[in-house]
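Pasting in a structure now, in C-alpha cells, and then I'll have a few things to ask.
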Amino acid sequence: MSQIVGSQIVGIGASPLRKEDLRFVSGRGHYVADIKRPGMTAGVFLRSPHAHARLKSIDSAVAQAMPGVLAVFTGADLKAANVGGLPCGWGITGKDGKPMKEPPHPPLAQEKVRHVGDAVAFVVAETAEQARSAAEAIVVDYDMLPAVSGVLEALRPGAPAVFDEIPGNLCCDWELGDAAATEQAFAKAAHVAHVSLVNNRLIGNPMEPRAAVAEHEPTTGQYTLWTTSQFPHVVRLLMGNMVLGIPQHKLRVVAPDVGGGFGVKQFHYAEEAVVTWAAAKVGRPVKWVCERSEGFISDAHGRDHVTEAELALDEKGKFLAIRVKTLANMGGYLSTFGPNIPTNLYAPLLSGVYTIPAIYCEVKVVFTNTVPVDAYRGAGRPEATFVVERLVDIAAMEMGIDKADIRRRNMIPKEAYPYQTPVIVQYDSGDPAGCLAGAVEAADVAGFAARKQASLAKGKLRGLGFSTYIEACGLAPSRIAGRLGARGGLYESATVRVHPTGHVTVLIGTHNHGQGHETTFAQIVSEKLGVPFANVDIVFGDTDKVQFGMGTYGSRSLAVGGSALARASDKVITKGKKIAAHLLEADEQDVDFSAGVFSIAGTDRKKTFEEVALAAYVPHDYPLEILEPGLEEQAYYDPVNFTYPGGAHIAEVEIDPETGVVTLLNYTAVDDVGTVINPMIVEGQLHGGIAQGIGQALFENCVYDDDTGQLLSGSFMDYCMPRADTVPSMKISTHSTICTHTPLGSKGCGEVGTIGSPAAVTNAVVDALAHLGITHIDMPASPNRIWRLIQNAMLGRAAE
Amino acid sequence: MKISFKLNGKPVEVDIEPSLLLSELLRDKLDLTGTHVGCDTSQCGACVIHLDDESVKSCTILAVSVDGRSVTTVEGLASGEGVDGLHPMQRAFHENHGLQCGFCTPGMLMSAIDFAKRHPKPTEQEVRQWLEGNICRCTGYQNIVRSVLAGAAAMHAAS
C-alpha cells in the first residue's frame with residue numbers, strides 16, 4: 001500500500017491510508033456507549049421470555065420502590081401519553097390490489113407479546129445494575145398462547161394468529177412478472193430444473209451492540225438522541241414526526257462513530273423512542289446499552305425464506321423462463337423496510353446476468369412469533385442470487401453441460417446493455433462474461449481437475465463453485481421507489497463548505513460506520529477542487545450539522561451520496577469561476593479551472609483556489625448585485641436508475657467425507673463496481689462482504705424452537721460467526737464497466753461480496769458431493785448436514 | 001474496597017464494589033472507553049487488555065483481581081502523538097487497512113501484540129489460530145492477518 005502525503009491532491013483511483021484510522025487504533029473512537037452526560041441515568045428493558053402471550057397484568061410496585069429506581073414505564077404509559085406505533089417505511093400491494101396488512105407496532109408491548117424479546121417495560125434508575133435488579137422484580141402475568149416461528153407452520157390452517165385481527169398470518173400475497181408468458185415458456189421447455197430451498201435466517205451482529213442516550217431541555221423543548229444508527233435524519237423524521245410528536249427543529253439525532261451496521265442499524269427501533277420519551281419524563285439524560293444476548297432477541301434479523309423454484313431450458317441449455325414461489329418471514333411486527341426486502345429487492349433480481357425471456361415470482365409475506373425480519377447486508381439480492389445460481393448449477397448437472405459454459409451461453413452480452421429485464425429493472429452497463437473470464441483465469445479453473453485428483457488421493461472430496469451475479473443498489477431513484485411502495489424519497493444531499501483559507505468541510509447525509517467515507521469522499525473533493533487531501537474533512541451523523549440525508553444502506557453512499565458531493569463540488573467550481581472572473585476582470589466564460597487553479601485561457605492570469613476562497617469571504621469590491629459573498633454549495637441528488645454492480649465468484653472447497661467438515665481452500669472474486677475511488681477500501685469491503693456470505697453458506701444459522709418459539713441460537717456460543725481461522729485469504733480484483741448515469745460512474749461495493757458468495761460456496765459444496773447424486777444442500781452446509789447427506793446417499797446406493 | 005494498580009504505566013487507586021468487572025472499571029469509572037464490550041459471553045474479544053503483559057478479556061475478570069498488578073489498555077500503546085507516535089502494531093493496522101468500523105480494533109491490537117511477543121516469526125496460520133477469540137464482522141480478517149504479520153515484523157525489527 002502506497003504512502004501518500006496528505007498535503008498533495010489525492011484523487012480518484014488512489015489508495016491513501018484512511019483518515020479515520022488514527023482515532024480508532026488509538027482507542028479514541030467515540031461510540032454511543034462511551035457517552036456520559038451530567039446527571040445521566042441508566043435504562044433497562046424488561047423483555048418477554050415468551051414467544052406469544054397475552055399480557056394480563058404488569059405489577060411494578062416493588063420495582064418502583066427499589067433503591068435508585070426513578071421510574072418504570074409500560075405500554076399503558078406510552079398509550080396514555082399518545083405515543084404512536086413504529087412506522088413501516090414501505091407499503092407493498094398484493095396480487096388482489098389490496099395493501100399489505102399493517103398491524104400496529106407499539107414501542108412497548110400492549111395487550112400481547114409477539115416474540116421472545118418483545119419489550120414489555122422500561123426501568124430507569126441511577127445505575128444500570130439497579131435498573132437490572134428492578135426489572136427482575138417486575139411481575140408480569142402472561143397468559144401463554146401457542147406460538148409459531150416458521151413460515152410453513154404459520155400458513156397452515158388453524159395456526160396461531162400472531163395478530164388476532166389477521167387470522168392466517170398472511171401480511172401480503174405479492175407477485176411480479178408475467179405468469180402467462182412464463183407458463184407458456186415452461187410448456188415448451190426441453191428441460192426443467194427444480195430446487196426446493198431454505199434461505200437460512202441470519203443475525204447481522206455488528207460488533208458494537210445497539211445503544212441510545214437521550215436528553216431533554218424543558219426550557220426550550222429541545223431533545224437530543226445519540227443512537228447507533230445508519231440514518232440519523234430518518235430516525236429524526238420517523239420518531240419525531242410519527243412516534244413522539246416532537247417538531248423536527250426541536251429534535252437533534254446524532255449517530256457518532258458506529259461500530260458496524262450491515263443493515264441492522266438502518267431501522268427506527270422502539271428503544272430509540274422509549275429512551276427519548278423517558279428522558280423527558282424523568283427530567284434527566286437516560287442511557288441504554290444493549291447487551292449482546294439482548295441484541296440477539298431484539299436486533300432485526302435477516303433472510304428466512306422457504307422457496308420452490310424452477311428454470312425452463314431449451315435443448316441447448318438456453319434459459320426460457322424462471323418461476324419462483326417464496327414464503328418470507330416478517331417476524332412479529334413490520335420493521336422499517338421489512339416488507340420491501342423479500343419483494344422489491346428480491347424478485348427484480350431474478351433475471352441475474354442472463355437473458356431470461358419470462359419470469360414470474362410469487363411471494364407470500366408472513367407474520368410469525370419471531371423477531372422482526374428486515375434488511376441485512378445484501379437484503380433480498382443474496383436470496384435472489386442464491387435461487388438463480390442454484391438453479392443454473394442444477395440445470396448444468398442434469399443436462400451434462402459445463403457450469404461455466406451454461407453461464408456463458410445465457411449471459412447478457414456486453415454490447416446488449418442497456419438491458420431491459422422482464423422484471424422492472426433496466427441494467428445500464430456490465431460485462432458479466434468479462435468478469436467470469438477473469439475469475440476463471442485467476443482461480444486456475446484449468447488446474448482444478450488435477451487438484452481434485454490430488455484431494456481424492458488423500459480421501460478428500462474437492463468441489464468448485466461458480467456464482468455470476470448482479471445486484472440493484474444505490475437506493476435510489478425516488479420515482480421508481482415510490483412506484484414500488486416507498487413512503488419516502490431516496491435521494492442524498494451534500495454541502496461543500498469552502499472556508500476562507502481554502503480548507504473544505506463536507507456535510508453529507510450518508511453515515512460512515514466502517515466504509516471509509518472520511519477518506520473516499522475527501523478524495524472526491526481533492527480531485528474535483530484541486531485541494532490537498534489533508535485539507536478536506538467529512539462531517540456526517542448529526543442532524544444539527546448536516547442539512548438532511550437518507551443515510552447509508554443498500555450500497556448507496558458513493559453511488560448517491562458521492563454523486564451529490566460531485567454535484568455540489570461542481571457548483572463550487574461554477575461559483576469560483578464567477579469570483580475569479582471578477583478578480584481577473586475577465587468574462588466568466590473565459591475562466592478555466594483545473595487542479596486548483598482558475599485561469600484565463602491563453603494568458604498567464606490566474607487565481608488559486610485559496611485566493612478565490614478568501615475573496616469570497618472578504619468581498620471588498622464585490623459586484624454584490626450579481627455575486628453573493630461566501631463559497632458554500634449544496635446539492636440534492638436523486639438518481640434516475642439503480643446502479644448494477646455484479647461479478648463472478650469462484651469458490652473451491654475440500655470436504656472430509658468422514659466428518660463432513662468443509663475447508664474453503666480458495667476464493668476468487670472479479671467484481672464490476674464501476675469507477676473505483678479507493679482500491680484499498682473497495683478490496684476491504686469485498687473481503688468483509690464475502691466473509692459474511694461465507695458465514696451464511698457454512699456457519700451462521702438463526703434457529704427457533706418450533707414448539708416454544710424460543711431462540712436457540714442466542715449467543716456467540718450458539719450462533720457461529722466466521723472467525724479468523726475459518727475464512728480463507730481471498731483473491732479479489734475488479735473488472736469495471738462505468739455506470740452510465742452517476743456523475744462519477746461508480747456503482748457501489750458494500751454488498752456485492754455478500755450477494756455473490758453464498759451461492760459460490762454452496763455450489764462448490766454440492767459440486768464436491770455431486771458424484772453421490774446430491775444436487776442441493778441447504779445453508780449452512782454444516783458438517784452435520786453434509787455427513788448426513790453423504791450417509792443417506794451411500795445408503796441409497798447400497799439399497800440399489 | 002480499595003485497590004491500587006499500575007494503569008498504562010501510572011499508579012492508580014480506586015474504591016470499588018467487589019462485583020465490578022475490569023471492563024466496567026476501565027470504561028465507566030476511569031473513562032478509558034477504548035476498551036470495548038461486544039458481547040456478554042466472553043466470545044468477541046473486543047475488551048482484551050494486557051494484565052502484566054499478558055492479553056486477557058477484561059469482561060471476564062473482576063476489577064479487584066488487578067490489585068497490585070499492571071494493566072495496559074489500547075490508550076497506553078502509543079509513545080507519542082499522531083501516526084508517528086503509534087505502537088508498531090497500531091501503525092501496521094493503519095498501513096494495512098486492518099480495520100473498518102474500529103470497534104473490534106482495540107481488542108485485536110492487544111491480542112496481536114501479545115501474540116507477536118510470543119511468536120518472533122509467525123506464519124499466517126498461527127495468526128489466524130491465535131485470533132480465533134477475537135471476532136471482527138467488517139474485514140473478513142484478511143487485512144487483520146496482514147496487519148499482524150507486518151506489526152510482528154516491525155516489533156521484532158525495532159527490538
Side-chain angles (χ1 to χ4, degrees), chain A residues 1 3 15 17-18 20-31 33-34 36 129 204-209 257-262 289 291-294 513-516 680-681 683-692 694 715-717 721-730 732 753, chain B residues 17 19 27-28 31-44 46 73-78 82-83 85-87 89-91 93-106 109 124-125 127-146:
Chain A
M1 228 134 281
Q3 283 279 13
S15 287
L17 301 179
R18 296 199 323 167
E20 45 269 78
D21 284 354
L22 185 59
R23 69 177 186 273
F24 293 130
V25 298
S26 308
R28 299 185 68 83
H30 187 59
Y31 300 89
D34 302 340
K36 272 189 181 176
E129 206 179 341
N205 282 323
M207 291 320 297
E208 177 206 28
D257 285 327
V258 170
F262 317 115
V289 179
E291 296 190 353
R292 180 62 63 182
S293 312
E294 187 183 8
H513 36 277
Q515 297 88 341
M680 174 191 83
I681 286 176
E683 199 177 315
Q685 286 293 305
L686 281 158
H687 288 159
I690 291 168
Q692 280 174 313
I694 291 169
S715 79
F716 285 143
M717 289 184 285
M721 297 278 279
R723 308 241 180 183
D725 58 348
T726 56
V727 176
S729 279
M730 312 156 201
I732 308 285
Chain B
E17 293 289 321
S19 61
R27 288 183 52 80
D28 302 338
D31 291 330
L32 290 177
T33 54
T35 298
H36 295 153
V37 177
C39 75
D40 45 14
T41 50
S42 298
Q43 290 280 307
C44 81
T73 69
V74 68
E75 289 94 340
L77 292 179
V83 171
L86 293 175
H87 183 282
M89 191 61 79
Q90 289 173 306
R91 201 173 167 128
F93 271 67
H94 173 51
E95 289 176 349
N96 292 280
H97 189 26
L99 63 149
Q100 289 182 26
C101 82
F103 195 81
C104 76
T105 309
L109 287 166
E124 176 179 333
Q125 206 44 39
V127 177
R128 286 184 177 276
Q129 276 162 9
W130 180 272
L131 292 182
E132 201 268 342
N134 292 74
I135 306 178
C136 168
R137 194 54 150 167
C138 293
T139 65
Y141 302 101
Q142 188 154 330
N143 286 345
I144 291 180
V145 173
R146 261 186 11 185

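Values below: all heavy atoms of this structure, side chains included; hydrogens, waters and symmetry mates excluded. This structure is a prediction, so every number in the text was calculated from the model and none was measured. First the proteins, then the strands, lettered A, B, ... as listed; each starts at 1.
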Practice task
Indicate whether the side chain of A:S26 and that of B:E75 have a donor and an acceptor atom separated by less than 3.5 Å.
Solution key: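 No, B:E75 and A:S26 have no side-chain donor paired with an acceptor closer than 3.5 Å.
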
Exercise for the section: With a 4.5 angstrom heavy-atom cut-off, could you sort out which part of A:R28 is near chain B: side chain, backbone, both or neither? Expected result: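 Neither part; nothing is under 4.5 Å.
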
Handout entry: Which atoms of B:L77 approach chain A - backbone, side chain, both or neither, heavy atom under 4.5 Å
Key =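 Neither the backbone nor the side chain of B:L77 comes within 4.5 Å of chain A.
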
Practice task
Using atom types as modelled and distance alone, determine if a side-chain donor or acceptor of A:K36 lies under 3.5 Å from a backbone N or O of B:D31.
Solution key: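 Absent.
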
Handout entry: Side-chain donor-acceptor pair present, A:E683, B:Q142, cut-off under 3.5 Å
Key =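 No, because no side-chain N or O of A:E683 sits under 3.5 Å from a partner of the opposite role on B:Q142.
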
Handout entry: A:V289, part contacting chain B, at a heavy-atom distance under 4.5 Å
Key =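 Neither part.
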
Handout entry: Contacting region of B:V127 [heavy-atom separation from chain A under 4.5 Å]
Key =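 Nothing of B:V127, per the 4.5 Å heavy-atom cut-off to chain A.
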
Practice task
Give a yes or no on whether the backbone of B:Q43 and the side-chain of A:R292 come within a donor-acceptor separation of less than 3.5 Å.
Solution key: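 Such a contact is absent between A:R292 side chain and B:Q43 backbone.
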
Handout entry: Interface residue of largest heavy-atom contact number with chain A, from B:N143, B:T41, B:L99, B:V74, under 4.5 Å
Key =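 The residue among B:N143, B:T41, B:L99, B:V74 with the greatest pair count is B:L99.
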
Exercise for the section: Look up atom CE in A:M207 and atom SG in B:C104, then write down how far apart they are to the nearest 0.5 Å. Expected result: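 Answer for the CE-SG pair, A:M207 versus B:C104, is 7.0 Å.
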
Problem - Atom group of B:L86 that falls short of 4.5 Å from chain A, counting heavy atoms - result: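 Looking at B:L86, just its side chain touches chain A.
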
Exercise for the section: Name the region of B:Y141, side chain, backbone, both or neither, that has any atom closer than 4.5 Å to a heavy atom of chain A. Expected result: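 Looking at B:Y141, just its side chain touches chain A.
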
Handout entry: Residue part contacting chain B, namely of A:Y31, when any heavy atom lies under 4.5 Å
Key =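 The side chain, not the backbone.
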
Practice task
Report the option among A:H30, A:H513, A:M730 that has the most heavy-atom pairs separated by less than 4.5 Å from atoms of chain B.
Solution key: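 Ranked by heavy-atom pairs under 4.5 Å with chain B, first place is A:M730.
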
Handout entry: Contacting moiety of B:T139, where chain A heavy atoms sit under 4.5 Å
Key =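 Backbone only.
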
Handout entry: Backbone of B:F103 reached by a side-chain donor or acceptor of A:E208 within 3.5 Å
Key =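 Here the side-chain-to-backbone pair does not exist.
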
Handout entry: Atom pair NE2 (B:H97) and CG (A:L17), whose distance is rounded to the nearest 0.5 Å
Key =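 Those atoms lie 10.0 Å apart.
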
Problem - Check: B:R137 side chain, A:G204 main-chain N or O, donor-acceptor pair, under 3.5 Å - result: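 Present.
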
Practice task
Taking B:R128 for its side chain and A:V727 for its backbone only, find out whether a donor-acceptor pair lies under 3.5 Å.
Solution key: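 Answer holds: yes.
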
Exercise for the section: For the pair B:Q100 (side chain) and A:G684 (backbone), establish whether a donor and an acceptor sit closer than 3.5 Å, ignoring hydrogens and angles. Expected result: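 Yes, B:Q100 side chain to A:G684 backbone: donor-acceptor pair under 3.5 Å.
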
Handout entry: Part of B:H94 within contact of chain A (heavy atom distance under 4.5 Å)
Key =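 Both the backbone and the side chain of B:H94 come within 4.5 Å of chain A.
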
Problem - Interchain contact, A:S715 with chain B, by part (heavy-atom threshold 4.5 Å) - result: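 For A:S715, side-chain heavy atoms alone lie under 4.5 Å from chain B.
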
